[in-house]
Number of protein chains: 2
Amino acid sequence: MHAILRARSPVWDPGPVTTPPHGLRERKKQATREALREAALRLAVEYGPDQVRVEDIAEAAGVSPRTYNNYFSSREQAIVAAITADRETRIAAAVAARPARVRLADAVTEAVVKHYTNTGEREHEALLLMTTRTALRDAFLDATADIEPPLTAVIAERLGDAGPHTARVLAASVAVAVRIALEGWLQLTGNAGAAGNFRAGGLVVPSGSLSDQLHAALSPLAPAFDVAERHTQP
Amino acid sequence: MHAILRARSPVWDPGPVTTPPHGLRERKKQATREALREAALRLAVEYGPDQVRVEDIAEAAGVSPRTYNNYFSSREQAIVAAITADRETRIAAAVAARPARVRLADAVTEAVVKHYTNTGEREHEALLLMTTRTALRDAFLDATADIEPPLTAVIAERLGDAGPHTARVLAASVAVAVRIALEGWLQLTGNAGAAGNFRAGGLVVPSGSLSDQLHAALSPLAPAFDVAERHTQP
DNA sequence: GCGCAAAATTGCGTGCACGCAATTTTCCTG
DNA sequence: CAGGAAAATTGCGTGCACGCAATTTTGCGC
């Protein structure tokens with residue numbers, strides 16, 4: 001299985017605080033990135049996901065195949081990125097937008113739930129396409145990890161640099177909870193829509209809407225947020 | 001990038017509760033798996049990690065190259081598996097062994113810390129080998145996710161099936177926290193050993209031993225465990 | 001505009017991951 | 001022990017990921 005949606009090495013890099021040096025260069029790269037995303041999704045929808053080769057996507061975007069892999073490190077990433085696009089930024093911004101008096105746990109949960117339930121028709125159609133192909137579904141689930149860095153930043157701001165790893169651990173936990181919720185939801189829509197919870201192998205597998213899944217997965221983390229928050233502002 | 005260390009699809013499968021059907025077949029498979037692990041590590045240490053091809057490992061273990069990929073889905077997995085081996089089982093067992101009166105959060109933390117600080121010489125030597133190669137380091141960090149399933153089981157037992165996803169979210173959060181701790185630790189040993197915390201890009205990067213890193217990363221999750229535990233046994 | 005240094009793109013070569021279908025091995029049953 | 005089905009192994013073919021080094025493009029100071 002292909003792991004990861006992030007091209008960079010996983011070792012923590014705080015990243016530049018100020019805007020990167022060459023603003024114009026950067027915009028061009030983003031344009032290329034978007035062109036690749038769009039081309040990938042369009043071709044995947046039109047011809048079916050596994051009929052699209054990297055070569056095709058690159059050509060449609062006007063770059064060499066090798067350049068494709070400078071932007072996306074797997075064939076599936078570009079397709080997934082077309083759907084997830086600015087998810088990370090949006091969720092982080094939504095959290096930051098909440099007034100400081102609401103519980104951080106609630107702010108995060110609401111931001112996440114709102115994002116995932118507000119997905120338009122285009123995404124929903126594409127999702128059905130993805131869930132049928134194992135590699136695509138894996139890449140889609142792996143993409144949840146991308147919310148970690150921006151979420152870390154916004155949490156760290158709210159917490160005022162509590163413990164060393166605190167913000168990052170909370171952000172990463174949210175990401176992994178979202179992943180679990182999505183897995184549960186996909187499994188439901190995949191199987192027959194049996195309502196109600198049922199037992200399987202000694203574990204409770206929850207049923208319900210995506211919103212239910214997200215709430216169920218995120219709620220166990222709320223106490224961690226509460227304590228971290230209280231720790232900074234008694 | 002290659003994702004995941006787990007061969008199985010990421011969608012949740014409760015798995016069989018009873019022992020799998022063919023006990024003898026299974027043991028043979030484990031033998032082959034171990035042979036591949038050992039061969040991989042031995043060759044990697046002897047000739048250097050990137051001088052070892054999958055073909056070599058397979059040959060040393062007496063199977064075809066194609067069979068290698070039936071057991072491990074990347075070249076690096078076998079090498080990493082030789083070190084991490086029964087980590088998942090050991091940690092879960094250590095948690096289960098603690099008396100029910102100790103805080104679950106403490107039980108988990110202690111089990112994890114003890115495991116990672118008790119690694120023998122063999123592992124430490126191999127670790128230095130791995131951290132220098134990006135692909136290997138990534139695979140090593142990805143392997144932390146493997147503790148999720150057994151940890152989920154043991155947590156679920158202690159919690160008595162609290163919420164639907166609760167046990168799994170907690171287990172996955174622990175896994176991701178361990179990953180973060182390891183990343184921080186690797187970054188430290190990689191760079192010059194500057195002591196004390198320092199600021200980089202507005203985030204606090206912690207310094208200290210592996211044990212310190214683990215405690216720092218796991219402590220934010222403790223309240224989540226406490227509440228989940230209290231929720232079942234008031 | 002000119003030139004130059006940094007950065008992005010590209011081609012090439014290599015090993016790898018994996019679907020598929022054929023083959024061999026294992027283990028159960030009568 | 002023979003038959004036969006399930007499971008594991010294997011070979012093959014294909015596309016892919018990525019290191020490396022050469023080349024082209026970009027942005028900036030003059």
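Proteins come first, then strands; the chains are lettered A, B, ... in the order of their sequence lines, and each starts at number 1. Note that this is a predicted model, so its numbers are computed, not measured. Atom set for the values below is all heavy atoms of this structure, side chains included, hydrogens, waters and symmetry mates excluded.
- Here CZ of A/Arg90 is found 7.0 Å from CG of A/Asn118. Values are rounded to the nearest 0.5 Å.
- Out of D/dT9, C/dC16, D/dA17, the shortest distance to the side chain of B/Arg53 is found at C/dC16.
- Atoms CH2 and CG, on A/Trp185 and A/Leu127 in that order, are 5.5 Å from each other to the nearest 0.5 Å.
- Taking the charged nitrogens against the carboxylate oxygens, A/Glu38 and A/Arg42 have no contact shorter than 4.0 Å, which rules out a salt bridge.
- Within 4.0 Å of A/Arg66, counting heavy atoms only, lies at least one base atom of the nucleic acid.
- Phosphate contact (OP1/OP2 of D/dT9, side-chain N/O of B/Tyr71, threshold under 4.0 Å): present.
- Between A/Lys28 and C/dA8 there is no side-chain polar atom (N or O) within less than 4.0 angstrom of OP1 or OP2.
- Atoms OH (A/Tyr68) and P (C/dA8) sit 19 Å apart, rounded to a whole Å.
- In terms of phosphate contacts, A/Ser73 brings no side-chain nitrogen or oxygen within less than 4.0 Å of OP1 or OP2 of D/dA17.
- Here C/dG11 presents its P atom at 13 Å from CG of A/Asn69, a figure rounded to the nearest Å.
- The nearest whole Å value for the distance from the NZ atom in A/Lys29 to the P atom in D/dT25 is 17 Å.
- Of the listed nucleotides (D/dA6, C/dA6, C/dC18), C/dA6 has the atom at the smallest distance from the side chain of A/Arg25.
- A donor-acceptor contact closer than 3.5 angstrom is absent between the side chains of B/Arg75 and B/Tyr68.
- Straight-line distance from the CG atom of A/Asn70 to the C1' atom of D/dA22: 14 Å, rounded to whole Å.
- Rounded to whole Å, atom C1' of D/dA17 lies 12 Å from atom CD of A/Glu76.
- Taking side-chain N and O atoms only, A/Ser64 has a distance below 4.0 Å to OP1 or OP2 of C/dT10.
- Atom OH of B/Tyr47 and atom C1' of C/dG15 are 19 Å apart (whole Å).
- You'll find that the side chain of B/Arg75 is closest to C/dC16, out of C/dC16, C/dT9, D/dT10.
- Rounded to whole Å, atom P of C/dA8 lies 12 Å from atom CZ of A/Arg33.
- Distance CG (B/Asp138) to C1' (D/dC18): 13 Å, rounded to an integer number of Å.
- The main-chain N or O of B/Tyr71 is found under 3.5 Å from a side-chain atom of B/Arg33 such that the two form a donor-acceptor pair.
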